[in-house]
Chemist: 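My questions will all concern the structure given below.
Side chains are part of it too, since the values below use all heavy atoms of this structure and drop only hydrogens, waters and symmetry mates. No experiment lies behind these values; they were computed from the predicted model shown. Letters go in sequence order (proteins before strands), and every chain restarts at 1.
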Amino acid sequence: MSRRQFSKADIDAAKSWPFGEARALVKRLERAGHDDPVIFETGYGPSGPPHIGTFGEVARTTMVRRAFELMTGRKTRLIAFSDDMDGMRKVPPQLPNQELLARHLQEPLTSVPNPFGTEHPSFAHHNNAQLRAFLDRFGFDYDFVSATECYKSGRFDETLIRVLERYDAVMEIILPTLGAERRETYSPILPISPKTGRVLYVPMLEIDARAGTVVFEDEDGERIKTEVGGGRTKLQWKADWAGRWFALGVDYEMAGEDLTESVKLSSRIVRALGGEPPAGFNYQLFLDEEGKKISKTKGNGIAIEEWLTYASPESLSLFMFQNPKAAKKLYFDVIPKMADEYLGFLQKYPAQNGAAALDNPVWHIHEGAPPADTSPVSFAMLLNLVSASGSADPNVLLGFVKKYRPNASPAEIAAARALTVYAERYFERFIKPSKMFRAPTDAERAALEALSARLKEIGDDAPEDVYQTAVFDAGKAQRFVNIRDWFSGLYEVVFGQKEGPRMGPFIKIYGARATAKLIDDALARN
RNA sequence: GGGCCCGUAGCUCAGCGGUAGAGCAACUGACUUUUAAUCAGUAGGUCGAUGGUUCGAUCCCAUCCGGGCUCACCA
């Protein structure tokens with residue numbers, strides 16, 4: 001880890017988008033000056049597990065946060081907010097215990113029983129725990145905040161009362177955005193039925209801002225007067241985001257492009273409450289290979305677990321760093337590309353100075369402290385090695401790495417070792433299925449048999465040029481017109497591909513007997 | 001249809017008023033008793049299109065084309 005010092009001039013010259021966002025945030029704070037800490041927020045809906053978009057949002061927000069800290073030296077916090085007081089509108093179809101869940105429709109997600117059988121007291125608590133484990137796994141720094149706790153503890157009371165005080169102004173902003181039917185019953189404040197525990201989508205019959213109370217009709221028709229605070233009511237969609245900004249003093253929040261209109265509306269509402277909307281921007285959604293929108297139900301695109309099966313979290317961060325305002329295609333082909341571009345940026349960083357270093361993605365990916373040691377070989381090269389050798393044994397692979405990079409430090413080798421795991425998995429899924437082993441010609445069979453015998457005779461401890469010579473001798477003995485044909489035949493029959501590793505070093509690293517066995521196995525196949 | 005965002009080399013992206021850049025891919029050469037790796041080099045773009053502002057536009061403005069999101073309910 002190396003954290004460098006940067007001058008103000010360097011920082012002013014940094015052009016990457018997180019610095020641009022940080023500057024916009026600085027301007028906002030000039031308008032709505034306040035004390036530290038500066039609050040960043042990212043929202044989460046606990047009706048499903050965290051996904052690749054969750055990662056992207058937190059990663060990108062963190063990038064802005066670190067750029068802002070460097071620029072201003074101010075204290076910041078990142079709130080990971082869970083909207084866990086929302087009513088469960090329908091039972092997510094992929095969940096276990098459907099009948100159990102169905103009995104708790106309309107209840108706050110933190111009141112819905114946990115269908116997973118884990119130790120958490122509710123459905124939302126389970127998902128919240130998943131979110132935290134997810135964020136912790138990547139080392140994100142954040143403060144988890146639960147909507148339910150905010151409402152029940154009274155933290156949101158002041159805001160709820162403010163909504164009552166500005167009720168007409170808030171309604172005036174929201175009503176035009178609703179259809180005629182919804183307009184009749186819409187209320188920015190929703191009571192929780194004291195009898196059934198359900199979130200009631202009913203209009204307010206009376207409001208009293210001074211007393212902080214509302215009157216509504218409960219499910220059984222009874223008119224009930226209740227205080228708005230203490231978790232007895234909650235804010236509804238279209239008002240809740242604004243209320244949260246107001247109550248928590250959120251200074252920065254980004255959102256997906258699909259929420260553009262919500263951000264605008266919420267900004268107007270928070271102003272009506274007497275607050276200042278946060279800075280932030282709308283990032284673009286992800287597309288699949290054909291340019292279609294990624295949807296979880298369709299199953300196109302890539303799940304985060306899939307990405308992390310084949311490449312590091314850092315490579316995914318790089319993907320998130322790049323061009324957040326363009327709709328990006330998210331499919332398997334980009335994984336090795338991002339993995340290697342990440343390595344490239346990492347290698348370039350030590351030689352860069354000033355703004356160039358600050359604009360290097362790895363500065364953002366590693367929150368200002370990129371690791372000094374990086375793999376001395378590319379992911380693509382490891383894939384070649386795995387493919388060529390047919391072996392995903394890390395020791396074999398690292399043998400090649402040491403061969404190619406004799407000056408690599410132990411730390412660099414360790415970095416390469418971390419990549420071998422990904423290389424193996426990528427190979428198994430994408431490369432191995434495309435291997436085509438063909439039958440040897442008579443000459444090839446004779447040469448291969450001779451080579452196998454010769455390797456067993458030499459044994460494992462000879463220098464690599466002895467092996468190289470053995471390979472050539474076996475080919476020459478069969479009088480191949482062009483010795484290249486012997487090699488290509490060797491690769492196609494034994495390795496199942498048109499190209500392969502240099503044989504001398506390969507045999508030395510892989511082992512003469514092991515190589516002989518590869519050959520024998522190939523011959524036995526045909 | 002209205003609003004917002006995007007459109008720079010095959011791919012992923014940088015540049016955002018002063019005669020187009022990077023990485024990868026491609027191609028050529030060197031080296032290697034291989035076709036991997038390595039090194040050196042080459043090529044590749046009317047910066048989506050058309051108008052305008054300007055001494056000068058990829059960069060600013062307008063229009064158009066293409067792609068995405070959004071504009072009933074649900075969040």
Side-chain angles (χ1 to χ4, degrees), chain A residues 15-17 20 43 45-48 83 86-90 109 176-183 185-186 201 236-238 240-241 255-265 281-288 290-294 318-319 321-329 331 333-345 347-348 356 359-361 376-385 387-389 400-401 403-406 464-465 467-473 475-476 480 482-492 495 497-506:
Chain A
K15 282 175 295 200
S16 49
W17 67 266
S47 54
D83 248 325
D86 284 5
M88 181 171 68
R89 302 306 299 262
K90 58 186 178 217
L109 291 165
T177 71
L178 298 171
E181 209 171 308
R182 284 288 281 130
R183 220 171 286 183
T185 60
Y186 182 85
Y201 296 81
Q236 166 150 223
W237 166 242
K238 286 180 190 281
D240 64 344
W241 206 358
E257 189 201 16
D258 53 336
L259 294 178
T260 309
E261 296 303 317
S262 292
V263 171
K264 282 187 196 166
L265 184 72
F281 80 131
N282 290 97
Y283 56 83
Q284 286 280 347
L285 274 21
F286 300 119
L287 309 175
D288 71 6
E290 272 95 50
K292 305 282 180 215
K293 182 186 177 184
I294 284 181
L318 174 62
F319 182 80
F321 175 83
Q322 286 187 149
N323 217 2
K325 281 209 169 193
K328 297 167 69 62
K329 290 184 179 178
Y331 56 99
D333 302 31
V334 307
I335 296 178
K337 184 191 286 285
M338 285 302 136
D340 276 339
E341 290 200 359
Y342 165 72
L343 289 176
F345 284 124
Q347 277 155 8
K348 208 182 285 181
D359 287 334
N360 186 321
V377 295
S378 70
F379 188 62
M381 180 174 165
L382 278 177
L383 288 177
N384 279 341
L385 290 173
S387 179
S389 64
F400 281 107
V401 171
K403 172 77 194 162
Y404 290 145
R405 298 284 186 278
E464 63 187 53
D465 58 337
Y467 297 122
Q468 185 78 0
T469 301
V471 176
F472 271 84
D473 288 347
K476 283 175 184 162
F480 284 94
N482 188 335
I483 197 71
R484 289 169 71 107
D485 295 338
W486 156 233
F487 278 100
S488 66
L490 172 64
Y491 295 129
E492 287 172 18
F495 296 92
Q497 57 203 23
K498 296 225 178 303
E499 300 177 357
R502 181 187 206 64
M503 288 311 293
F506 173 80

Chemist: By the 4.0 Å heavy-atom rule, please label A:Q322 as base, sugar-phosphate, or nothing.
Modeler: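 Counting heavy atoms under 4.0 Å across all strands, the contact made by A:Q322 is with sugar-phosphate only.
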Chemist: Pair A:F319, A:F286 - check ring pair (Phe, Tyr, Trp, His ring centres under 6.0 Å), show working.
Modeler: CA-CA 11 Å; A:F319 182 80; A:F286 300 119; 5.7 Å; yes
Chemist: What distance, rounded to whole Å, do you find between the two P atoms, one in B:C4 and one in B:C27?
Modeler: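 Each nucleotide's P atom is 46 Å from the other's.
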Chemist: Contact class for A:L490 (heavy atom, under 4.0 Å): base, sugar-phosphate, or nothing?
Modeler: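 Since no nucleic acid heavy atom lies under 4.0 Å of A:L490, the category is nothing.
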Chemist: Do the non-hydrogen side-chain atoms of A:K238 and A:L265 ever get within less than 4.5 Å of each other?
Modeler: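 A:K238 vs A:L265: side chains touch.
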Chemist: If the C1' atom of B:G23 is compared with that of B:U19, how far apart are they to the nearest Å?
Modeler: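 B:G23 and B:U19 have their C1' atoms separated by 25 Å.
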Chemist: A:L383 has an atom CG; how far is it from atom P of B:A37, in whole Å?
Modeler: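 Rounded to whole Å, this separation is 12 Å.
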Chemist: Let's test this: given Watson-Crick or G-U wobble pairing with both distances under 3.5 Å, identify the partner of B:U50.
Modeler: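 Answer to the pairing question: B:A62, which forms a Watson-Crick or G-U pair with B:U50.
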Chemist: Looking for any heavy atom pair under 4.0 Å, which part of the strands does A:K325 touch: base, sugar-phosphate only, or nothing?
Modeler: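 If one applies the 4.0 Å heavy-atom cut-off, A:K325 turns out to touch the sugar-phosphate alone, with no base involved.
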Chemist: Can you tell me how far P of B:C11 sits from CZ of A:F319, to the nearest Å?
Modeler: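 Rounding to the nearest Å, CZ of A:F319 and P of B:C11 are 15 Å apart.
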Chemist: Across all strands shown, which nucleotide pairs with B:C39 by Watson-Crick or G-U wobble geometry, both distances under 3.5 Å?
Modeler: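 Across all strands, the one nucleotide that pairs with B:C39 is B:G29.
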Chemist: Please tell me if A:K15 has a side-chain N or O lying less than 4.0 Å from either OP1 or OP2 of B:C16.
Modeler: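 Answer is yes, contact under 4.0 Å.
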Chemist: If you measure from the P atom in B:A20 to the same atom in B:A49, how many Å do you get, rounded?
Modeler: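 The answer is 15 Å between these two P atoms.
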Chemist: Given B:C74, B:A22, B:C11, which nucleotide is nearest the side-chain atoms of A:K348?
Modeler: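 Of all the options, the side chain of A:K348 is nearest to B:A22.
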Chemist: Expressed in whole Å, how much space separates the C1' atoms belonging to B:A37 and B:A30?
Modeler: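 My reading of the C1' atoms in B:A37 and B:A30 gives 14 Å.
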Chemist: Output the rounded distance in Å from CH2 (A:W241) to C1' (B:C74).
Modeler: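 In whole Å, B:C74 C1' lies 16 Å from A:W241 CH2.
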Chemist: Let me know, please, whether A:T469 or A:V334 comes out on the 5' side of the other along RNA chain B by nearest nucleotide.
Modeler: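 In this pair, the answer is A:V334.
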Chemist: Looking only at atom C1', what distance separates B:U38 and B:G45, rounded to whole Å?
Modeler: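 The answer is 30 Å between these two C1' atoms.
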Chemist: For A:D86, which contact category applies under a 4.0 Å heavy-atom criterion: base, sugar-phosphate, or nothing?
Modeler: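 Sugar-phosphate: the residue A:D86, judged by heavy atoms under 4.0 Å, touches backbone atoms but no base.
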Chemist: Please determine whether any donor N or O and acceptor N or O are separated by less than 3.5 Å between the side chain of A:K337 and the base of B:C24.
Modeler: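 There is none.
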Chemist: As a test of reading the structure: which of B:U35, B:A75, B:G23 is closest to the side chain of A:F487, going by heavy atoms?
Modeler: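 Nucleotide nearest to A:F487's side chain: B:U35.
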Chemist: Decide yes or no for A:K328 and A:Y283: does some side-chain heavy atom of the first lie under 4.5 Å from some side-chain heavy atom of the second?
Modeler: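 No, side chains not in contact.
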Chemist: Using modelled atom types only, decide if a donor and an acceptor are shared between the side chain of A:D340 and the backbone of A:A380 within a distance under 3.5 Å.
Modeler: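 Looks like yes, one N/O pair under 3.5 Å.
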Chemist: Separation of A:N360 atom CG from B:G23 atom C1', in whole Å?
Modeler: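 Whole-Å distance recorded here is 12 Å.
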Chemist: Can A:K325 be said to sit on top of A:F281's aromatic six-ring, NZ or CZ under 6.0 Å from centre and within 45° of the ring axis?
Modeler: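 No, A:K325 does not sit over the ring of A:F281.
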Chemist: Is there a donor-acceptor pair under 3.5 Å between the side chain of A:D86 and the backbone N or O of A:L109?
Modeler: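 Checking the backbone N and O of A:L109 against the side chain of A:D86, no donor-acceptor pair under 3.5 Å is found.
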Chemist: The side chain of A:D258 is closest to which nucleotide in this list: B:C6, B:C69, B:U12?
Modeler: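 So the side chain of A:D258 is nearest to B:C69.
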Chemist: Would you measure the distance from the C1' atom in B:G7 across to the matching atom in B:G15 and give it in whole Å?
Modeler: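 One C1' to the other, the span is 16 Å.
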Chemist: What's the closest nucleotide to the A:T260 side chain, out of B:C4, B:C73, B:C11?
Modeler: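 Ranking B:C4, B:C73, B:C11 by closest atom to the A:T260 side chain puts B:C4 first.
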Chemist: Of the options B:U35, B:U70, B:G23, whose atoms approach the side-chain atoms of A:S488 most closely?
Modeler: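 In terms of side-chain proximity for A:S488, the closest of B:U35, B:U70, B:G23 is B:U35.
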Chemist: Which part of the nucleic acid does A:S378 contact within heavy-atom distance under 4.0 Å: base, sugar-phosphate only, or nothing?
Modeler: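 No contact.
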Chemist: Reading RNA chain B from 5' onward, which residue's closest nucleotide shows up sooner: A:K264 or A:A326?
Modeler: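 The 5'-side residue here is A:K264.
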Chemist: Say you pick atom C1' in B:U42 and the same atom in B:A25; how far apart are they, in whole Å?
Modeler: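 Roughly 14 Å separates the two C1' atoms.
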Chemist: Name the nucleic acid region contacted by A:K238, choosing base, sugar-phosphate or nothing; use a 4.0 angstrom heavy-atom cut-off, strictly under.
Modeler: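 No contact.
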Chemist: Minimum heavy-atom separation for A:W241 and A:A255, please, with both atom names.
Modeler: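 Closest pair (atom of A:W241, atom of A:A255, distance): CH2-CB, 3.7 Å.
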Chemist: Just the rounded figure in Å: distance from P of B:A37 to CG of A:D340.
Modeler: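 Result: 12 Å.
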Chemist: Name the pairing partner of B:U12, where a pair is Watson-Crick or G-U wobble with both distances under 3.5 Å, or state none.
Modeler: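 Looking at the geometry, B:U12 pairs with B:A22.
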Chemist: In whole angstroms, how far is the P atom of B:A36 from the CZ atom of A:F379?
Modeler: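 Answer to the nearest Å: 20 Å.
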Chemist: As a test of reading the structure: which of B:A75, B:C5, B:A22 is closest to the side chain of A:Q284, going by heavy atoms?
Modeler: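 Out of B:A75, B:C5, B:A22, the nucleotide with an atom closest to A:Q284's side chain is B:C5.
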Chemist: According to the Watson-Crick and G-U wobble definitions, with both distances under 3.5 Å, which nucleotide is paired to B:G17?
Modeler: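 Answer to the pairing question: none, since B:G17 forms no Watson-Crick or G-U pair.
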Chemist: Distance check needed: B:G67 C1' versus A:L285 CG, whole Å only.
Modeler: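 Value for this atom pair: 13 Å.
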Chemist: Can you tell me if the side-chain N/O atoms of A:R182 get under 4.0 Å from OP1 or OP2 in B:C74?
Modeler: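 Indeed, a polar side-chain atom of A:R182 lies that close.
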Chemist: OP1, OP2 of B:A75 versus side-chain N and O of A:Y201: anything below 4.0 Å?
Modeler: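 Checking B:A75 against A:Y201, a side-chain N or O does come within under 4.0 Å of OP1 or OP2.
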Chemist: Send over the distance from A:E492 CD to B:A36 C1', rounded to a whole Å.
Modeler: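 Taking CD of A:E492 and C1' of B:A36, I get 16 Å after rounding.
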Chemist: Find out whether A:V377 and A:L343 are in side-chain contact, i.e. whether some heavy atom of one side chain is under 4.5 Å from a heavy atom of the other.
Modeler: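 No, their side chains stay 4.5 Å or more apart.
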Chemist: Looking only at side-chain N and O atoms, does A:N323 come under 4.0 Å of OP1 or OP2 in B:A14?
Modeler: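 Answer yes for this pair, as a side-chain N or O of A:N323 is under 4.0 Å from OP1 or OP2.
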Chemist: What distance, rounded to whole Å, do you find between the two P atoms, one in B:G3 and one in B:U63?
Modeler: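 So the two P atoms sit 9 Å from each other.
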